[in-house]
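Here the structure is laid out as structure tokens; the discussion comes afterwards.
Predicted model only: the values in this text are computed from it and were never measured. Hydrogens, waters and symmetry mates are skipped; everything else that's a heavy atom, side chains included, is used.
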Amino acid sequence: MHGTSRTRTADRPATTGINAVVWIEPGRAIVVRGGDGPELASMELPIPRQPAVTPPALAEVAHAIGDVDRVLVLGVDELRTALEREIVAIGHRPETIRD
């Protein structure tokens, strides 16, 4: 078989070099996010205890995480899973979420 070889272009966008960790529990979420330098930014966001009003708060947490290369979500199972789904729903890549 004869042919030529071509290099493939990368499908993934360039990385930002920024990572984040989130602790989520009923009542609050703590987001610690890296920056362009060695400094870290942390913020605490309220999470309502009533499940019916939780989705807007999860969207706010997902937006606070922003565009990162990796995010580690820790905390209560049901809130953690809901936040991971929200991160993907707002357009972040699912492969950024670490177990």
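- H63 has its side chain within reach of I90: a pair of non-hydrogen atoms, C-beta onward, lies under 4.5 Å apart.
- Side-chain atoms of R33 come within 3.5 Å of backbone atoms of I65 as a donor-acceptor pair (strictly under, hydrogens ignored).
- Considering all non-hydrogen atoms of both residues, A57 and I47 come closest at CB-CD1, 4.0 Å.
- A 4.5 Å side-chain heavy-atom check between L58 and I24 finds at least one atom pair inside the cut-off.
- The side-chain heavy atoms of I97 and V88, taken from C-beta on, include a pair separated by under 4.5 Å.
- Tested against V73, the residues V31, L79, L83 include a single side-chain contact (heavy atoms from CB on, under 4.5 Å) partner, L83.
- R28 contributes atom CZ, which lies 15.0 Å from atom CE of M43 (distance to the nearest 0.5 angstrom).
- The heavy-atom pair separating L45 from A64 by the smallest distance is CD1-CB, 3.8 Å.
- The two residues V61 and A29 make their nearest non-hydrogen contact at CG2-CB, 3.8 Å.
- Contact between V76 and P26 at its shortest, heavy atoms only, is CG2-CD, 3.5 Å.
- Counting all heavy atoms, side chain and backbone alike, P48 lies closest to T54 at O-OG1, 3.5 Å.
- Considering only heavy atoms from C-beta on, V22 stays 4.5 Å or farther from L72 through its side chain.
- Separation of atoms CD1 (I30) and CH2 (W23) is listed at 9.0 Å; rounding is to 0.5 Å.
- E86 and A62 make their closest contact through CG-CB, 4.0 Å (heavy atoms, listed as atom of the first residue, atom of the second, distance).
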